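Worksheet: the structure to be examined is printed underneath.
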Amino acid sequence: MFFPTVKRSPRLVYLRPLSRSLVPISVVALISAPAMAQGLTSDDDTQFALPAVTVTGDWLGPPTEESEKTYTGSRTVVDSEALHKRGALNLEDALRATPGVQVLDETGTGILPNIGVRGLNPLRSERLQILVDGYPIAIGPYSNVGVSLFPVTLPSLEAVDVVRGGAAVHYGPNNVGGVVNFVTRSIPAKTSQTLRERLTIAEDTGNIFTDTYYRIGGPASDKLDLQFQANIQRGDGFRGQSDTQVDNFIVDARYYLNNQNELATQLQYYNVDAELPGGLTPEAYEQDRTQSQRPYDAYEADMTRATFTWTYNPSPDVEFQWRNFVHDADRTFFFGQNLSGTGNTFDPGLAPTHRADSPRLFRVYSTEPRLAITKGRHDVTLGARYLTEDVEFDVNRVELASNTRSTARDWHLDTEALALYVSDTVHFLDDRLTVTPGLRYEDVSMDFRDNLNGNKEENNTDEWLPGLTVGYQATDRIFLFTNSQRSLVPVQFAQTTREGDVANETAWNYELGGRIQLTPDLLSSATLFRIDFDDQIQFNRTESRFENLGETRHQGVELDNRWQVNPNLELGLGYTFLETEQLSGANAGNELPNAPEHKVSADAVYSYQAWNASLNWLYVSTSYSDADNTEEETANGGAGELPAYHLVNARLGRDIAVGSGRNLNLALAVNNLLDEDAYFRGVDVSPIGRVPQPGRSFILEAQLDF
């Protein structure tokens, strides 16, 4: 029996071992607990007697394969092995194979991610609710959802949880494409250290990028666990004009007051200083795709983040959790502009007349109490979040000919947001069927002020966002799910300050899918999805304005298969079919930009004794780069069809025991093994031209665990 039915446990059950760290045992709102019951036969009625059980309001539960199997929606957990042992160039690269996910790599260094889901715009990952350990990391969670500051580095992570459906009630706003939770390394039960050094060498240019990581963590006393992580990155990406420096420091602490109360906090400082190579004209791209035509483009940012969580378990069936976070961020883009009036301001083929900078200062605070209760056949979650944003947005220009400096923009934005949410998971048919109705309420107030001319604007939004998820254990091997949810994206700061139609964006998401354990070693899943979007906003790069595309539709199917052929060999195969259409306006009938119809992924992982090898292949079909579906490329590369491409990565690693429990892992990886030539169109301060994706590179890696 592969999906045995067991007596329902609370929403998420934890067993507190002697080490005091929390170890997830089973997941909620789920029909069963397959991982716990591994090996039970169909007539085995063994029950699990777990000490110290607690219920939690964390809807997603732990990022594990077991949670993924019986989650009532489309979900993929990218585990530590997939993140660190598959030859990925950076964090974006590690997510490419995830069903429904599209990645456009702008820098090769991972500092500015471009991740999209199901045909939603991937540029600056603006259609995803991105979390770190359950906390939002968007620089402005309501007013600036585009990830123009990304305080995450690959070595500090142990998993990435990609949830494409069923979570909108509990995690919002801006979750039309789903929720992506980056899970940082947990504090180990026993004091341990990790030291890793990684060198990435670009074949075309010989540029070297170094990545140094150190971690130490463990119990400091009977009640206190501590951990420190440091990640230092230096060097150049695969192109010219790409010098990059990143510092990421994280301190974690967990304090056990008693058996009922626990405190946890994380402090982080992240800093990045980088040149940006930007877009190329088609002619320059053909001459040398590694060059840069944007000599003034650069990026500086830093963020100080703090989170604090108090968890109180008065009884096994009740949990109260109070979650708080604050961040203080400063991010600036530097870029060249041609303001002579000839052609597009950002055309890479035109010599800049001005150098501009656009500093943004963000101070964000949030507090979120939530209560989870299990009573009879009901698992109820109640929550509320209050969040404030204080934003300063300036643009300054220097005329290169005269060195004259002027202020083009001096804006201020205050945002207050209140979210309330409730859900009730009701269990039927001896816990084989769960039905979870839920409702979220968002009340957002934005006050904008232009300090140059004194203009003021207000935007007040309140929306009711219902959701419904259903899970059904049809047989011991088959788990079925369906869900429907409504999502909101408030008007963005940048949209209110440019010409063009803007509006609050809302969408309905639908999923129908299932997972089947064909054999004990072969798990397959299939999901049908549809997104009905109202008032979808897109940025028109050629006219430098936002456009309201009106109603759009995204629909398709995602297939995923994992086969453990034998103890040494594992195979994976995935396919995504995507159909998008603009349903209203001048471009009715056209496809959405950056929405390839086909995506295929395959991988093989082989382990033998101390050796580990992996080979990954990805195919992405053609797509359009603009709402007009321009096929023939424009002279400056601002629009035109995007080519299909293949990407192959390979890695070979070996563990070496170096005594006293120490382990050294040495690895060689080749990213883009076939040196595939691919590109997308410009983004952000370089919106025009072809942006090359990384060519072949070699990765040398050494990691010592002790």
Side-chain angles (χ1 to χ4, degrees), residues 76-80 82-118 120-132 137-138 146-157 159-162 164 177-184 198 200 202 209 211 231 233 237-239 242 244 246 248 270 272 274 276-277 299 301 574 576 594 596 599 601 603 616-618 620 642 645-649 651 669 671-672 676 678-684 691-697 699:
T76 301
V77 176
V78 185
D79 62 17
S80 180
L83 287 174
H84 302 292
K85 295 185 177 181
R86 301 289 174 87
L89 187 66
N90 50 47
L91 180 55
E92 296 164 276
D93 202 27
L95 298 179
R96 285 185 187 272
T98 305
V101 171
Q102 184 191 15
V103 172
L104 303 177
D105 194 337
E106 178 182 356
T107 64
T109 57
I111 60 172
L112 289 168
N114 295 279
I115 305 168
V117 173
R118 294 174 172 173
L120 295 164
N121 186 12
L123 300 181
R124 288 292 174 266
S125 308
E126 63 183 16
R127 298 299 189 189
L128 290 171
Q129 176 64 243
I130 297 184
L131 313 172
V132 171
I137 64 161
V147 186
S148 60
L149 199 168
F150 186 58
V152 181
T153 53
L154 179 58
S156 64
L157 299 179
V160 180
D161 201 354
V162 183
R164 297 177 290 283
V179 176
V180 176
N181 187 29
F182 295 102
V183 182
T184 61
R198 193 184 207 223
T200 301
F209 189 72
D211 187 338
N231 193 193
Q233 300 177 346
F238 67 100
R239 298 176 61 192
S242 62
T244 302
V246 177
N248 187 20
Y270 174 88
V272 58
L276 299 176
Y299 170 67
T576 301
N594 296 307
K599 173 186 167 184
S601 63
D603 67 271
N616 311 279
W617 169 70
L618 177 75
V620 178
L642 296 173
Y645 65 90
H646 299 262
L647 181 65
V648 178
N649 297 338
R651 184 183 187 272
N671 189 274
N672 194 356
E676 183 80 0
Y679 59 85
F680 65 99
R681 305 294 174 188
V683 59
D684 219 319
V691 179
Q693 299 202 69
R696 183 187 293 125
S697 59
I699 301 172

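Keep in mind it's a predicted model, so treat the numbers as computed, not measured.
- Taking a cutoff of 4.0 Å between a charged side-chain nitrogen and a carboxylate oxygen, Glu106 and Arg124 qualify as a salt bridge.
- Note that CG of Asp105 and CG of Leu91 are 10.5 Å apart. Values are rounded to the nearest 0.5 Å.
- Nearest heavy-atom pair, Ser601 versus Ala97, reported as atom, atom and distance to 0.1 Å: OG-O, 3.6 Å.
- The two atoms that bring Asn90 and Asp93 nearest to each other are OD1-N, 2.9 Å, heavy atoms only.
- The distance between the ring centers of Phe182 and Phe150 falls below 6.0 angstrom.
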Run Tyr679 and Gln693 through side-chain contact (heavy atoms from CB on, under 4.5 Å) and show every step you take. CA-CA 5 Å; Tyr679 59 85; Gln693 299 202 69; 5.6 Å; no

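- With a 4.5 Å cut-off on side-chain heavy atoms, Leu123 and Asp684 do not count as touching.
- The closest donor-acceptor contact from the side chain of Ser242 to the backbone of Gly237 lies under 3.5 Å.
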Could you go step by step and tell me if Trp617 and Leu647 meet the side-chain contact (heavy atoms from CB on, under 4.5 Å) rule? CA-CA 6 Å; Trp617 169 70; Leu647 181 65; over 6 Å; no

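- Here OG of Ser697 is found 8.0 Å from CG of Asn649. Values are rounded to the nearest 0.5 Å.
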Step by step, work out the side-chain hydrogen bond (donor to acceptor under 3.5 Å, both in side chains) result for Gln102 and Asn594. CA-CA 9 Å; Gln102 184 191 15; Asn594 296 307; 5.0 Å; no

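- Atom OG1 of residue Thr109 and atom CZ of residue Arg239 lie 12.0 Å apart, to the nearest 0.5 angstrom.
- Using modelled atom types, one side-chain atom of Lys599 and one backbone atom of Arg96 make a donor-acceptor pair closer than 3.5 Å.
- Between the side chain of His646 and the backbone N or O of Val620, no donor-acceptor pair lies under 3.5 Å.
- Across Ser125 and Ile130, no two heavy atoms sit closer than the pair CB-CD1, 3.9 Å.
- The only member of Val103, Val683, Val147 that meets side-chain contact (heavy atoms from CB on, under 4.5 Å) when paired with Asn114 is Val683.
- Closest of all the heavy-atom pairs between Val691 and Gly682 is CG2-CA, 3.7 Å.
- Partner of Leu131 under the side-chain contact (heavy atoms from CB on, under 4.5 Å) criterion, chosen from Asn181, Ile137, Val180, Asp161: Asn181.
- Within the 3.5 Å criterion, the main-chain N or O of Ser148 finds a donor-acceptor partner in the side chain of Tyr299.
- Taking the side chain as every heavy atom from C-beta outward, Arg164 and Arg118 approach each other to under 4.5 Å.
- Atom CG of Leu83 is separated from atom CG of Leu95 by 7.0 Å, given to the nearest 0.5 angstrom.
- Residues Pro122 and Leu104 share a closest heavy-atom pair of CG-CD1, 3.5 Å.
- A distance of 14.5 Å separates CZ in Phe238 from CZ in Arg696, rounded to the nearest 0.5 Å.
- Using a 4.5 Å heavy-atom threshold, the side chains of Leu157 and Val183 count as separate.
- Between Asn231 and the options Val152, Val246, Asp211, a side-chain contact (heavy atoms from CB on, under 4.5 Å) holds for only Asp211.
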Check step by step if side-chain contact (heavy atoms from CB on, under 4.5 Å) holds for Glu126 and Asn121. CA-CA 7 Å; Glu126 63 183 16; Asn121 186 12; 3.1 Å; yes

Assess whether side-chain contact (heavy atoms from CB on, under 4.5 Å) is satisfied between Leu276 and Leu112, documenting all intermediate values. CA-CA 10 Å; Leu276 299 176; Leu112 289 168; 4.1 Å; yes

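- A heavy-atom distance below 4.5 Å is not found between the side chains of Thr244 and Thr107.
- The CD atom of Gln233 lies 8.0 Å from the CG atom of Asn248; values are rounded to the nearest 0.5 Å.
- Nearest heavy atom pair, residue Arg86 against residue Asp603, reads NH1-OD2, 3.8 Å.
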